[in-house]
Novice: 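Please read through the structure below; I'll follow up with questions.
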Amino acid sequence: MSHTYSHLLANFVFSTKERRPWITQDIEMELHAYLGGIARNIEVTALAIGGVVDHVHLLVRHPRRISVSDLTRTLTSNSSGWIHEHWPIMLFQWQQGYAAFSVSESSRSKVMAYIQNQAEHHRTKTFQGELIELLERHGIEYDLRYLWD
């Protein structure tokens with residue numbers, strides 16, 4: 001094949017340090033917009049961004065030229081710096097780890113709706129319960145001793 005083609009969709013999930021409720025309504029919309037801007041700047045298409053007080057989800061079209069870890073590091077470090085600039089009294093931090101799950105094109109709209117309805121979803125489920133469910137659904141092995149910071 002003389003050209004390279006890819007269409008990779010991924011659901012990225014990362015949490016605030018110790019799942020602290022730092023993403024308040026005061027900053028939530030601005031943070032999500034800023035994360036979208038970071039994605040655009042590195043030529044990543046953010047299809048959906050959502051979350052609640054202790055974590056965010058991003059459904060992105062993931063380019064083949066950037067690694068999963070580099071993408072996550074860029075999103076978290078730039079957004080953390082932005083939060084510190086705009087809310088200097090906040091001791092905001094993202095947790096060190098993250099999760100990234102592949103998404104099929106046929107599931108795209110379902111995952112987008114899931115991300116956009118995080119507030120409703122988390123009325124009955126904690127972040128911890130949600131992450132464990134996602135890990136198990138995707139067949140990812142984990143050790144509870146090391147899952148949380």
Novice: Show me the side-chain donor-acceptor pairs of residues 131-145 shorter than 3.5 Å, one per line, residues at least two apart or across chains.
Specialist:
from, atom 1, to, atom 2, distance (Å)
Glu133, OE1, Lys125, NZ, 2.3
Glu133, OE2, Lys125, NZ, 3.4
Glu133, OE2, Arg137, NH2, 2.8
Glu136, OE2, Tyr142, OH, 2.6
Asp143, OD1, Arg145, N, 2.9
Asp143, OD1, Arg145, NE, 3.1
Asp143, OD2, Arg145, NE, 3.1
Asp143, OD2, Arg145, NH2, 2.5

Novice: Tell me whether Glu105 at atom CD has more than 12 heavy atoms from other residues, nucleotides or ligands lying less than 6.0 Å away.
Specialist: yes

Novice: Examine Leu59 and Ile49 and state if one hydrophobic cluster contains both, with Ile, Leu, Val, Met, Phe, Trp and Tyr joined whenever side-chain heavy atoms are less than 4.5 Å apart.
Specialist: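 The answer is no; the residues belong to distinct hydrophobic clusters.
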
Novice: Looking at residues at least two apart in the chain, or sitting in another chain, which of them share a side-chain contact (heavy atoms from CB on, under 4.5 Å) with Ser80?
Specialist: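 Per chain and number, Ser80 pairs via side-chain contact (heavy atoms from CB on, under 4.5 Å) with His84, Phe92, Trp94.
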
Novice: Side chain to side chain donor-acceptor pair (under 3.5 Å) with Asn11: which residues, sequence neighbours excluded?
Specialist: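 Residues passing side chain to side chain donor-acceptor pair (under 3.5 Å) with Asn11: His57.
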
Novice: Side chains of Met90 and Ile27: closer than 4.5 Å at any heavy-atom pair?
Specialist: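 SC-SC contact between Met90 and Ile27 confirmed.
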
Novice: Which heavy-atom pair separates Asp26 from Trp87 by the least distance, and what is that distance?
Specialist: O-CZ2, 4.2 Å

Novice: With the 4.5 Å side-chain cut-off for hydrophobic clustering, are Leu8 and Ile115 part of the same group?
Specialist: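 No, it is not one cluster - the side chains of Leu8 and Ile115 are not joined through contacts under 4.5 Å.
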
Novice: I need the minimum non-hydrogen distance between Tyr34 and Asn78, along with the two atoms involved.
Specialist: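 Looking at all heavy atoms of both residues, the closest pair is CE2-O, 3.7 Å.
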
Novice: With His122, which residues qualify under ring pair (Phe, Tyr, Trp, His ring centres under 6.0 Å), at least two apart?
Specialist: His55

Novice: What closest approach, in Å, do Ser6 and Arg64 show between heavy atoms, and which atom pair accounts for it?
Specialist: OG-CB, 3.9 Å

Novice: Among residues at least two apart in sequence or on other chains, which ones pass side-chain contact (heavy atoms from CB on, under 4.5 Å) with Arg20?
Specialist: Thr16, Glu18, Trp22

Novice: Measuring only between side-chain heavy atoms, which start at C-beta, is Phe127 closer than 4.5 Å to Val13?
Specialist: yes

Novice: Could you pull out all residues at least two apart from Tyr114 that satisfy side chain to side chain donor-acceptor pair (under 3.5 Å)?
Specialist: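 Partners of Tyr114 under the side chain to side chain donor-acceptor pair (under 3.5 Å) test: His121, Glu130.
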
Novice: Do Val52 and Phe12 land in one hydrophobic cluster if side-chain heavy atoms of ILVMFWY residues count as linked below 4.5 Å?
Specialist: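 The answer is no; the residues belong to distinct hydrophobic clusters.
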
Novice: Could you grab the distance from atom CG of Leu147 to atom CD of Gln128, nearest 0.5 Å is fine?
Specialist: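 So the CG of Leu147 and the CD of Gln128 are separated by 8.5 Å.
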
Novice: Filter on salt bridge (Lys or Arg N to Asp or Glu O under 4.0 Å), then keep only pairs touching residues 37-51, sequence neighbours left out; what's left?
Specialist: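 Listed by first then second residue: Glu43-Arg65.
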
Novice: Check Leu31 against Ser79 and note the closest heavy-atom contact, atom names and distance.
Specialist: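 Shortest heavy-atom separation between Leu31 and Ser79 comes out as CD1-CB, 3.9 Å.
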
Novice: With Ser109, which residues qualify under side-chain contact (heavy atoms from CB on, under 4.5 Å), at least two apart?
Specialist: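 For Ser109, no residue satisfies side-chain contact (heavy atoms from CB on, under 4.5 Å) once neighbours in sequence are set aside.
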
Novice: Just do the side chain to side chain contact (heavy atoms under 4.5 Å, CB included) check on Tyr98 and Thr76 with the steps written out, would you?
Specialist: CA-CA 10 Å; Tyr98 63 89; Thr76 56; over 6 Å; no

Novice: Asp70: which residues meet the side-chain contact (heavy atoms from CB on, under 4.5 Å) condition with it, sequence neighbours left out?
Specialist: Ile66, Ser67, Arg73

Novice: Under the side chain to side chain contact (heavy atoms under 4.5 Å, CB included) criterion, do Ile38 and Trp82 qualify, and how do the steps go?
Specialist: CA-CA 11 Å; Ile38 296 167; Trp82 175 81; over 6 Å; no

Novice: Could I get the full list of side chain to side chain donor-acceptor pair (under 3.5 Å) partners for Ser104, not counting sequence neighbours?
Specialist: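 Ser104 satisfies side chain to side chain donor-acceptor pair (under 3.5 Å) with Ser106, Ser107 only.
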
Novice: Heavy atoms, side chains only, cut-off 4.5 Å: are Val60 and Leu71 in contact?
Specialist: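 They are in side-chain contact.
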
Novice: Give me the atom names and distance for the closest heavy-atom approach of Arg108 to Leu47.
Specialist: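 Heavy-atom minimum between the residues: NH2-CD2, 3.6 Å.
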
Novice: Testing the basics here: between Leu9 and Arg61, what is the closest heavy-atom pair and its distance to 0.1 Å?
Specialist: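 That closest heavy-atom pairing would be CD2-CA, 4.0 Å.
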
Novice: Which residue pairs satisfy the salt bridge (Lys or Arg N to Asp or Glu O under 4.0 Å) criterion with at least one member in residues 74-84, sequence neighbours excluded?
Specialist: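 Not a single pair qualifies under salt bridge (Lys or Arg N to Asp or Glu O under 4.0 Å).
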
Novice: Salt bridge (Lys or Arg N to Asp or Glu O under 4.0 Å): which pairs involve residues 82-103, sequence neighbours left out?
Specialist: none

